[in-house]
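Below is one structure, written out as C-alpha cells; comments come after it.
All values derive from a computational prediction rather than experimental measurement.
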Amino acid sequence: MEKEEVLKVYRHSLAHILAKAVIEIYGKEVQYAIGPEIEDGCYYDFVLPRTVTEEDFPAIEEKMHEIIKRREDWTRKVISRDEALELFKDQKFKHELIVDLPADETISIYYTGDDYVDLCRGPHVDNSQELFSAAFKIKNVSGAYWRGDEKRDQLQRIYLFAFPSKDELKAHLAWLKEAQERDHKKIGTALDLFMFRETAPGMAYWLPRGWILYQELMKYSREIQGAHGYTEISAPLINNKKLWLISGHWAHYQNNMFIVPGITKGVNATDAVQGEEAPEQYAVDAEDTMAAKPMNCPNAMMSYKRTMHSYKELPIRYSEYDVLHRKEKSGQMNGLFRVQEFRQDDDHTFVTPDQIKDEIKDVIAIADEIYKTFGITYRAEFSTRPDDFMGDIESWNSAEASLKAILDEKYGDGNYEINEGDGAFYGPKIDLQIKDALGREWQCGTVQLDFQLPHNFELTFVDKDGAQKMPIVIHRAIFGSFERFIGIITEHFKGAFPFWLNPYQVAVVPIRPEHNEYAQKVADELTKAGVRVESDLTDVNMRDKIKKFKQMKDPYILVVGDKEAAENTVSVNVRGSNKQLQGVALDKFVELCKKLNAERTLELPQEI
RNA sequence: GCCAAAGUGGCUCAGGGGUAGAGCAAUUCACUCGUAAUGAAUAGGUCGCGGGUUCGAUUCCCGCCUUUGGCUCCA
C-alpha cells in the first residue's frame, strides 16, 4: 500500500477505536454519527449523555490504548439495506445515512470485536494490534452540527491527532507549536502593529508602526492599479437606507450591517431609546435610517450613474479603499482574519460583454504580480451558476466560458477547483485562497461578474448603434481586505517583513553620546533618500538599543562609532543573522536601500 | 448563533474563600559600554463587567462582555 493509503487506514481505524472507547465510557445510549480522517488525524461526532471537557481526554485516550491492546479482529460484512436498517435502528444518524445511500450501493459494516459495529466503507486494519505503533492524542472537542446544518442536531466532535508513529506525531506537534509562534495576533502585539479592545469588537486599532505598513500596502496597490488604468473614488461611509433598498442589501444583507436608526416622525418606533435625555425615539424603519456600508458597490453604481456613458469610455474602473463595516455573528471573529471593520483594494469595473475576457485577464495578471511580490502562493476556485441565478442563461454561459478560458490558460485545466452552483446569484466568480500559518484557508482575492446591480441601478451606456445598453460590472479585490492580508503576511514572514514593507527599515545606534552627531547625519541621509529610519540617541547602553531594534525586527541596524564617523561608513547588523558588516560606505548603503525600495525586493540582502 | 476553553499590572504568566506575586517593560541612580538581556532601588493591579452565596469573593455560583479553537473534510 502507498504511504498515504496506510495513513488513511490508520486514521480511519483510529476513528472507530475512538468511537468504541467513547461508547464504553459513556454507555450504550451514545449516538455515533460520522468519523472521517482529516489533515492531521480524524474526528468522530457523537451525541453524549454529558459534555466532554479536557479533563475527560486522558480517560478516553487510555481506553483507546486498552482497546487496541485487546487485539480484536475487524470483520467486514456486506448486508442488505433492510438488515442495516434493523441493525442500526437505535442509531438515528446511521439510520439516516443508510436511508440516504443510493439504491445500488453496497452496504458494508465492520465489527471491531463483537460488541461494536459501525457502518463503514472501509478499508481498515484487520486486527487492532496493527495499531500498536500508531500515535494519537486528543486534540480538542467542539460542537458540530449534523451534516453541517445549524438547524439540525448539535453533536460533540472529538478531534484526534493521529499518525502511524510516535515520531511523526511528535514532529506534527512541533510544527504546530512553531505555527502558533507565527500567530499574527501575537506578533502584532509584539511588534506594536495593531491592537483590539472591547470598545470596538472585531475592529483593529492600527498603531503607528502597523499603520506605516498598512499605508505601504495601499501605496503599492495604488501604484499598480494606476499603471493598469484604474481611477480611484471615495464615497460616504454611511448611506441612507434608500441606497440599500435599491442594491438589495436591505433584503439580503441586513443581518451583516451596522444600522443607525433614524428619528421617527410618527413612524412606528420599534427600538425606542428611553430616558429624559433622549425624548426622540429611534427606529430602524424611520425614513432617515442610515447604515454603515458593508460593501462599496452601491456607491460605485451611484458614481457611474451620475452621467451618460459612451461605449468609448468603457471599461471604466472605479477603485476604492474606503472603510467597510460588516457585523459578524459572535464567535465568527478571528484576529485580523475576520473583522468587523476593514478596507479592501476594491474596484468596480464597468464593461461591455465583449470586454469581459480581456478585463479579467488583466485582473489575474495584477493578482499574479502582487502575490509574487510577497512570495505567496494561492489556490484559485471557480464558482458557477447557482439554482437561484438572476438574469438570462446566455449571459451566464458566455461569462462562465470566458472565465473558464482564462483559468485554463492561466493555471491549466484541472489546476483550479470548480464549485458548481456556488456562484453568487448575481454572477459567477473566481476566488483566490491563501493559507495561514495553521494551514487554514482564507479568501483574499476575488473576481466577480455582476449582472444584477447594473439592473437594480438601471445603468446604461450608449453603444455604437446609438442604443442604450446595460454594462456588466466586475467586482474585484486582489489583497482582499488589507486586514486579512496583513494577518496572512505577518504569519508568512513571521513578522520579518520585506525591507520595503517593514515599518522602519533601518535603525541607527551610536556607540557613545559623542557619536550622536554622526548617527544623526546617517539618519538624515537615509531619510532624504526615502528610507524609513528610527534612531536612538539617548544615553543608554548600546546593547540595549540594539536589542530593542532587533526585537522590532528592523531589517538593518547601523552601529556607528569613532571608526565609522572617521571613514563615513556604517557597521551593518543584518536581520536574521548575527552577521555584522563592518566598514560599509554610507553612500553604498543608501543606494542599496533605495534599490530595495524601488524594486520591492522580497529577500533581504545579507551582503552589501 | 452553537460547543469547549480563557480573561490577574503595558506584555508573558503563577496563585488561590482572609482585599495579590514573578519575569520583561517603565521610572530613578550607578555603569559610558563595538553589535540580543549590567547592577540596585522605585512605582504600577477595585484580579473583564454585573448580580448572588458568605462574617469576608479575585477565588464558589449565575448572567453578560471580550478573546481563542472548532462548527468545510460526510459510512
Atom NZ of A/K329 and atom P of B/C3 are separated, to the nearest Å, by 13 Å

Ring centroid separation for A/F46 and A/Y26, is it under 6.0 angstrom?
no

Between CG of A/L581 and C1' of B/G34 the distance, given in whole Å, is 15 Å

So, with a heavy-atom separation below 4.0 Å from RNA chain B, the residues of residues 531-550 of chain A are A/D539, A/N541, A/M542, A/R543, A/D544, A/I546, A/K547, A/K550

Point to revise | Separation of the P atoms in B/G16 and B/C74, to the nearest angstrom | key: 45 Å

Problem set entry | Over 12 non-hydrogen atoms of neighbours within 6.0 angstrom of CG in A/D100 | yes

Do the side chains of A/K579 and A/E607 get close enough for a salt bridge, i.e. N-O under 4.0 angstrom? yes

- Message: I'd like to know if A/E72 pairs up with A/K20 as an ion pair, taking the criterion as any Lys NZ or Arg NE/NH1/NH2 lying under 4.0 Å from an Asp or Glu carboxylate oxygen.
- Response: yes

### Message
Check this for me: does any side-chain nitrogen of one of A/K92 and A/E96 sit under 4.0 Å from a carboxylate oxygen of the other?
### Response
no

Exercise for the section: Pick base, sugar-phosphate or nothing for A/E441, based on heavy-atom distances below 4.0 Å to the nucleic acid. Expected result: nothing

For a quick check of understanding: with a heavy-atom distance under 4.0 Å over all strands, which category does A/Q91 fall into, base, sugar-phosphate or nothing?
nothing

Rounding to an integer number of angstrom, what distance separates B/U67 and B/U8 when you compare their P atoms?
14 Å

**Message:** In the structure I gave you, are the side-chain heavy atoms of A/H16 and A/Y110 within less than 4.5 Å of one another anywhere?
**Reply:** no

Counting primed atoms, P, OP1 and OP2 as sugar-phosphate and everything else as base, the B/S/- map of nucleotides 63-75 of chain B against protein heavy atoms under 4.0 Å is --SSSSBBBSBBB

Is it the case that atom CD in A/E105 sees more than 12 heavy atoms from other parts of the structure closer than 6.0 Å?
yes

